[in-house]
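Structure, as C-alpha cells:
First the proteins, then the strands, lettered A, B, ... as listed; each starts at 1.
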Protein chains: 2
Amino acid sequence: MGDATDVIRDRAGRSGAMDEFQPPGRLVTLTDVAREAGVGESTVSRVLRNHGSYSKRAGARVAEAVARLGYVPNRLAGSLAGQGASARLVGVVIPSLANVVFPDLLRGLTSALDAEGIPCVIGVSEYDPDREEALAAALLSWRPAALLLTGLEHNPGTVALARAGGVRVVEMIDTDGDGIDTVVGFSNRAVGAASARHLVARGYRRIAYLGHDLRIDVRAGKRLAGFEEALAEAGLALQAQEIRSGPSSPASGRAGLEALLARHPDLDAVYFSNDDMALGGYFACLAAGLAVPGRIALFGFNGLDFAAAMPQPLSTVRTPRLEIGRRAAACLTDQSPKKIDLGFELIEGATA
Amino acid sequence: MGDATDVIRDRAGRSGAMDEFQPPGRLVTLTDVAREAGVGESTVSRVLRNHGSYSKRAGARVAEAVARLGYVPNRLAGSLAGQGASARLVGVVIPSLANVVFPDLLRGLTSALDAEGIPCVIGVSEYDPDREEALAAALLSWRPAALLLTGLEHNPGTVALARAGGVRVVEMIDTDGDGIDTVVGFSNRAVGAASARHLVARGYRRIAYLGHDLRIDVRAGKRLAGFEEALAEAGLALQAQEIRSGPSSPASGRAGLEALLARHPDLDAVYFSNDDMALGGYFACLAAGLAVPGRIALFGFNGLDFAAAMPQPLSTVRTPRLEIGRRAAACLTDQSPKKIDLGFELIEGATA
DNA sequence: TCGCCTTTTGGCAGCGCTGCCAATCCGGTT
DNA sequence: AACCGGATTGGCAGCGCTGCCAAAAGGCGA
C-alpha cells in the first residue's frame, strides 16, 4: 500500500501556462478556453462541435487552447442547453448480468453506439418489475436519447413513464406480444416450438423440461409454452418437468437432471431452459455414464460459445443476441415504431 | 409486424387534470410542479430531495402534484446546479463484455451502486488503450462522481485525464503495479505463482501454457510471468507454450490443446489462461479419450460457475470478481487513496 | 397581547453550455 | 471610394435545477 498514496500528489497538475490563479477543484470551462484562445464563447462552441462556420485561424487557436488547458467539455451543461435537452446517452435496463445473454446484448449495443460516441447508462433489475420501474425512472431523469428495456412485460407505471418520457423506447429480445414503441428480438414461442419439433422428428417421445424459475424468467416460460404446444400438435405431452429455484447455471442443470432422472428413469430427451442448464445436464450424463444422445438426448437454448466445442456439439438454438443489440442501436435514429423479428437458428448438434 | 405500430397511439397520454395547454414534447419541469402545488420552486426541490426542512403540508402537496403531472426530475440540470457540479453517475471502462469476468465486475458494482441510486455509464475498450483514453474522456465529460478503470496499464493521456478530471479514480482487478488513485483487485502474478506451485506439488513436471493473446490481455501475461517464476524456483521450466490469437473461448481452448498435444505428446499438465480455455481443453481430452488428470492435468483460472459442475471439478483459482466490484463501489465515498488486495482462492478440484 | 426564536418559505443568481441574433469582417463590385 | 453579400464572430438569454438569503409564519413564555 506504500507508495500508492503519493500518486495523487499533483492532482491538479496540468501542463502549460497557468499564469492566472486556478482555484483547486475548479475545472476548466469553455469560457476559460475562449479567453485563452482570444475568441468568443460561441466560436469555441462551434469549433468543438464542428457545427456552424468558423475560420481556420479560430479553429487552430481553439484547438491549441483546449490542449493547453486540458479542457474536457461538460456535457451536463451541453445537453441541458442543447435543443430537445436530451442527452447523448441511452438508458438500458436489463434483468441480469449473470446470464451471458445480457452482456451479449450490451456488447451488440455498445459496439454500435461507440461509433456514435453515445455511452450506455445501465440498470439491472434482477428480474423485478418494480425495480425495473424505479430504474426506468432513474434513467429517464438523465434525459437519455432512448430507453432500452428487456422483454415486453412491464409494470403499468413503467409503460406510463416510457410513454411520457418523450424518448425513443426499444424493447429487446422478445417479439411475442405488443411493444410500447419499437421491438427487436425473436419469438420465444417459436423457438420452443421449433425445438419440440426437432426432438419429435428425431423420434424422441418421453420428453421432459428442465428449467429455472419461470415466474421470474417470463421468456423461458414462453419457450416452454411454445414447446408444449408443438408437442401437443404431435399428439405428445411433457412427461416431466423440473423447475429449479434460483438462476440458471451448470450446477443447477446438473443437479436438476440428476433429480429428474431419479424420478423418471425412462426419459429419452430433456429440453433445458438454456445452454448453461444443458451443460450441467451433459456433465450429469458424463458423470453417470449415460450415453448422449443414445440413452438420453439433450437440447439447449442460446447457442453459447461452449456448445460448439463440446465433444458432442450441443443441440440448441442460436439466438441473435449481438444482432439484437446492434439493431436496437440502429433503431434509435430511426423514426417509425416497428417490430423487428431477427429469427433464430436451430443448431442440430449431436446431443439430440 | 402488423399491430405493433398503433401501440404508440397515445404517446403523450398522461393521466390527471391537464387543463392548461401542454406543448407536445415539452416535459414537466419543477416549476410546473411548484405552480401545481401552489408552493415555491425551492420548496419543491427541498421536498423532492428530502433536504432541508419543510412542512408536512408542503410535502403532501408536492407529492400530489408530482404524481398528477407525472414529473420526472431532470438530473442534467440538477447536477449542473448542484455543488461540485458532479453527477450521481459513475463512469466505467472495461476492456470487454465477452469475457464473463467483466460482467461479473459490473454486477458487483451495480449491486452496490443501485442501493445509492447511482447508475453506471459504461464504455468498452476492446483492450485498446487508445480507445480506453477516448472513452475515459467521453465519460468524464458527463462529470461522473468517479471513474473506474480496469487494470493498471493506461496511456499517459488516460492518466492525465483521470488526474485532471477531479474525480475519484478506481482501478480494478490488478494490484501488480502502481495505481492512479485507488486500486482494488488481486495479484495476478501471485495467482500464476500459486497455480504453478500447486502443479509442482502434485508432481507434474512436463507443464505447458495455453492462452489467448498476451499482448492484448496484460493480466494474463502477469499470471504467466508469475507462473514461470514459481516454476523456475522449483527448478522447472515451461515445456511448451501455445498462444492463440483472438479472444479466449472454449473452442479456442479445445483447438489449442489439440495443437499442443500434437506437438508435445508427453505433456503431463497444462495451465490455461482461464476457465473457458480450460473447459475447451477438457472437451478435447474427453473427445480424445485422454484421462484427466491421469494422462494429463488441467488447471484454469477464474473459478467460473461451470467449473464446479464438471464431472471432475476443474482445478482453478477463484477470483473475487463480484467483491472487487462491490469494494470499488464502496471506495467511491471513501477519501484516501489506497490499494486493496482481495486475494484469491485456489480450488483444488479434480483435474490437477 | 407582545417579543423572541425557530421553522418554513419564496425569490433569484448562476451552474456551463448552446442557439439566436446582430455586428463585424472580408473580398469583390460598381 | 462607396457598396454589397456571404462568411465569421461575440453577446447574451435561458435550459431546469440548487444554494443562498432574507422574509414570513409559527410557537411559546411572560
- Can you find a pair of side-chain heavy atoms, one from A:Pro119 and one from A:Leu89, that are under 4.5 Å apart? yes
- Would you call A:Val39 and A:Val44 a side-chain contact if the rule is heavy atoms closer than 4.5 Å? yes
- Query: Is a salt bridge present between A:Glu64 and A:Arg61, judged by a nitrogen-to-oxygen distance below 4.0 Å?
  - Reply: no
- Message: Does B:Arg326 have more than 12 heavy atoms from other residues, nucleotides or ligands lying within 6.0 Å of its CZ?
- Response: yes
- Note on the structure: To the nearest 10 degrees, the angle between the two end axes of the helix from C:dT1-D:dA30 to C:dT30-D:dA1 (five pairs per end) comes to 50°
- Query: B:Val167 and B:Leu140: which non-hydrogen atoms are nearest, and at how many Å?
  - Reply: CG2-CD2, 3.7 Å
- Are side-chain heavy atoms of A:Leu97 and A:Leu106 found at a separation under 4.5 Å? yes
- Message: Output one letter per nucleotide in nucleotides 4-18 of chain D: B when a protein non-hydrogen atom lies under 4.0 Å from the base, S when only the sugar-phosphate is that close, - when neither is.
- Response: ----BBBB--BBBBS
- Measure the spacing between CG of B:Leu149 and CD1 of B:Ile94 and express it to the nearest 0.5 Å. 11.5 Å
